[in-house]
Amino acid sequence: MYSLKEYLSNRLRSYLGKENIFIDVSRSPIKGFDYSTNLLHVVKGLNENELVQYLREDEIIDNVEIINRFVNIRLNRKIVFRKILDNFASDEWRGYDLGKGKKVLIEFVSANPTGPLNAVNGRSATFGSVLSNVLKYFNYQVYKEYYVNDVGEQVEKLVDSFIERLKQVRGQEYQIPEGGYHGEYLKDLAEKFLNSSNYTQEREKIKQFLISYFVEEHKNTLYNFGVVFDNWFKQSSLTSLESTLKYLSEKGFLYEDDGAIYFTSTAFGDDKDRVVKKTRGRVDYTYFAYDIEYIKNKFERGFDQIITILGPDHHGYVNRLMAATKALGYSDHKIIILQIVNILEKDRALRMSKRKGVMVLLDELINKVKPEFLRYFFISRLKDSPLDLDLELINRMTLDNPLYYIFYVYARINGIIRNYSKTLPALASEVDSDIDDEEFGLFLSAQEFRDSVLSAINDPYYLTLWAHNFAKSFHRFYNSNKVICADELGIEKEKLRMIIILFSKGVLERWAELLNIELPEKM
RNA sequence: GCGCCCGUAGCUCAGUAGGAUCAGAGCAUGGGAUUUCUAAUCCCAGGGUCGCAGGUUCGAGUCCUGCCGGGCGCGCCA
């Protein structure tokens, strides 16, 4: 049994004899019932009595009643309790095999090595790493990759700008080129470079220095942020670009116009054909040409599915990437667009631009706020919603943070355990006590963690939503019920509550693992 | 002009394939709760014609069309 919702919708699916129909099962608003489904609204012409009879035959179901054409289900608390806990205790919760070992390459962040990472990169880093953990939970083999754009016009402009900065620190006339990188960080770096043993005037060597410098910096920043990649893939290591283009040409997907070579992405739903080979500039091929090759490279490395996470400024890129994927004969490419992160300073939006040097660095934020708070914050919005990052609020975040609400649950649980003088009961042990509404409510809420992991495949946001709801259930329960209550309510009641507490602890720990967050035993 | 995203309470946002307490949460404001496992908590109260107008449906915050407002993109840059 994966979760109660999943179990019930599977039962209904098999009743209908349809595998792929979506059946909504959610908490019932009717007192005395736990879950309900809108099945009768969705599927016409069902025999109600037969359906009710069918459900009642299930041992985990105690009662079924149709109210307002909603099928309300009351669970058998003891049996459900037993099943879920046995499942959890035997670690079968690891065994929901959606992925079946499928190999997935997930690419995210992939910021250009032309400057430090900024606050906005944090959203993508968090989203990608948590999604990776979620996919691993479902037995996908996940490989996290960071694409380093070390080829192209932008890198050349970086070198141009840096060379001007070198002139500046040597006291010569200088002029940052138009469209170049104006950030002060290049001046600081130029000074360091000038005084180092690596110093050279050779353009190619300067370029290599800059790229490796920024790649290292990105790695360090992300490491401090709590995000680690399996591989850093350099664009310059894509060597069979020409043969890939030849392949596309043979398929009839390329044509020449005005000296440039175009890819027929409109044949695959894009609104424009895209240039792959240029007639001007210092680089022969466009970034997009390398992208085509990169997609091919990913699949040729044996991945069954690739996932690409892009920022909002790349949404126009989705069609052409999918076009390339199809033209190459592949299809399992999921492209996820995250919405913008607005940096607010005194109610004013800061416009970030790496080239102009206006930035809020991820490093600066990490210095002010613990990385796990930041990461929680970055996925506490749906991916399609813009995220406002208020710099004044961020200073308060240490004291006034939703994560504390969840931490406090864990601290309270551990407090109970410390105060519990008996041997802790095993989750699988028999309990001879009725389970009342509040106890069962907390239990259900904890158990719904698994539904949130399932939803997190679409958006890790649902993990933070669950945690908040669960924490609320917990604090409410804690406030009106004592767990250590043998003297007042008897030893069996205490044991029951203790088991729910231990289950909650275990579930919370799994949650924290997915988010790479460390829970405090004391606060 | 075209494309994508957004428009829900004073503020920040949920509402994940249309459903019955879906009109919600947090923050902020006001009032209550600790001889009790940590009050970083809990409970109660005010406050919104879900941007506007049509449409589909037994039923629309949710789907469709148009309009208004905001963001982002539209390069032989990435």
Side-chain angles (χ1 to χ4, degrees), chain A residues 21-24 26 28-30 36-38 40-42 67-70 72 110-112 114 149 151-157 179 235 257-262 271-272 274-281 283-291 311-319 337-340 342 347 349 354-355 380-388 390 393 399-405 407-409 411-420 451-452 454-459 461-462 465 468-469 471-472 474-485 488 497-498 501 522-523:
Chain A
I21 187 169
F22 173 81
I23 298 166
D24 179 61
S26 47
S28 172
I30 308 291
S36 70
T37 174
N38 63 350
L40 294 175
H41 292 277
V42 177
I67 300 165
N68 287 341
R69 301 195 41 83
F70 281 82
N72 290 275
S110 300
N112 286 355
T114 54
N149 304 131
V151 177
E153 215 68 55
Q154 292 305 320
V155 177
E156 300 306 325
K157 277 180 185 159
Q235 186 177 346
D257 185 29
D258 221 2
I261 295 179
Y262 286 76
D271 49 359
K272 254 183 231 177
R274 305 292 171 176
V275 174
V276 289
K277 186 166 187 183
K278 312 194 284 183
T279 58
R280 34 180 207 267
V283 185
D284 288 345
Y285 297 98
T286 60
Y287 174 77
F288 177 57
Y290 283 93
D291 256 335
D313 51 335
H314 283 70
H315 71 250
Y317 226 75
V318 175
N319 285 338
I337 300 290
L338 299 180
Q339 279 307 307
I340 194 175
N342 295 309
D347 292 336
K354 209 181 277 183
R355 288 179 222 175
S380 63
R381 286 288 120 80
L382 281 169
K383 66 180 194 307
D384 290 332
S385 297
L387 183 65
D388 287 341
D390 187 323
L393 241 147
L399 286 170
D400 181 23
N401 190 283
L403 238 197
Y404 272 117
Y405 191 65
F407 280 180
Y408 196 37
V409 172
R412 280 180 149 178
I413 287 174
N414 282 285
I416 294 167
I417 291 170
R418 275 193 300 276
N419 285 304
Y420 188 67
D451 295 309
S452 79
L454 210 49
S455 297
I457 292 175
N458 294 322
D459 196 330
Y461 156 77
Y462 290 106
L465 183 66
H468 184 265
N469 289 334
K472 190 165 180 84
F474 180 88
H475 288 309
R476 190 189 299 242
F477 181 86
Y478 184 95
N479 251 275
S480 50
N481 299 283
K482 267 197 93 177
V483 175
I484 300 173
C485 61
E488 302 87 352
R497 290 188 179 173
M498 207 57 205
I501 290 304
K522 285 184 180 178
M523 281 173 76

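This one's a predicted model, so the numbers in the text were calculated from it and none came from an experiment. Chain letters run A, B, ... following the sequence lines, proteins first and then strands; every chain starts at 1. All values below were derived from every heavy atom in this structure, side-chain atoms included, with hydrogens, water molecules and symmetry-related copies excluded.
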Check: When the P atoms of B:C67 and B:C2 are considered, how many whole Å apart are they?
Finding: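 After rounding to an integer number of Å, I get 9 Å for this pair.
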
Next item on the list: Take atom C1' in B:G55 and the same atom in B:A60, then report the distance between them in whole Å.
Entry: 11 Å

[N] OP1/OP2 closer than 4.0 Å to side-chain N/O of [X]:
{"X": "A:Y462", "N": "B:G15", "answer": "yes"}
{"X": "A:N72", "N": "B:A20", "answer": "no"}
{"X": "A:K272", "N": "B:C2", "answer": "no"}
{"X": "A:T286", "N": "B:G75", "answer": "no"}

Tell me whether [X] contacts the main-chain N or O of [Y] through its side chain, where contact means a donor paired with an acceptor under 3.5 Å.
{"X": "A:H468", "Y": "A:L465", "value": "no"}
{"X": "A:D459", "Y": "A:Y461", "value": "yes"}
{"X": "A:H314", "Y": "A:I337", "value": "no"}

For [X], answer base if it contacts any base atom (sugar-phosphate contacts may also be present), sugar-phosphate if it contacts only those atoms, and nothing otherwise; contact means non-hydrogen atoms under 4.0 Å.
{"X": "A:H468", "result": "sugar-phosphate"}
{"X": "A:R280", "result": "base"}
{"X": "A:Y405", "result": "sugar-phosphate"}
{"X": "A:P29", "result": "base"}

Next item on the list: Check every atom of B:G19, B:C37, B:U38 against the side chain of A:I484 and return the nucleotide holding the closest atom.
Entry: B:C37

Check: Taking a pair as Watson-Crick or G-U wobble with both distances under 3.5 Å, which nucleotide is matched to B:G59?
Finding: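 In the structure as shown, B:G59 has no Watson-Crick or wobble partner.
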
Next item on the list: Could you state the atom-to-atom distance from CG of A:N342 to P of B:G71 in whole Å?
Entry: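 Going from CG in A:N342 over to P in B:G71 covers 10 Å.
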
Notebook entry, point to check: Using centres under 5.5 Å plus planes under 30 degrees as the test, is A:Y404 stacked with B:A40?
Noted result: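 The ring of A:Y404 is not stacked on B:A40.
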
Checklist line | Distance-only donor-acceptor test (3.5 Å): side chain A:S385, base B:C6 | finding: no

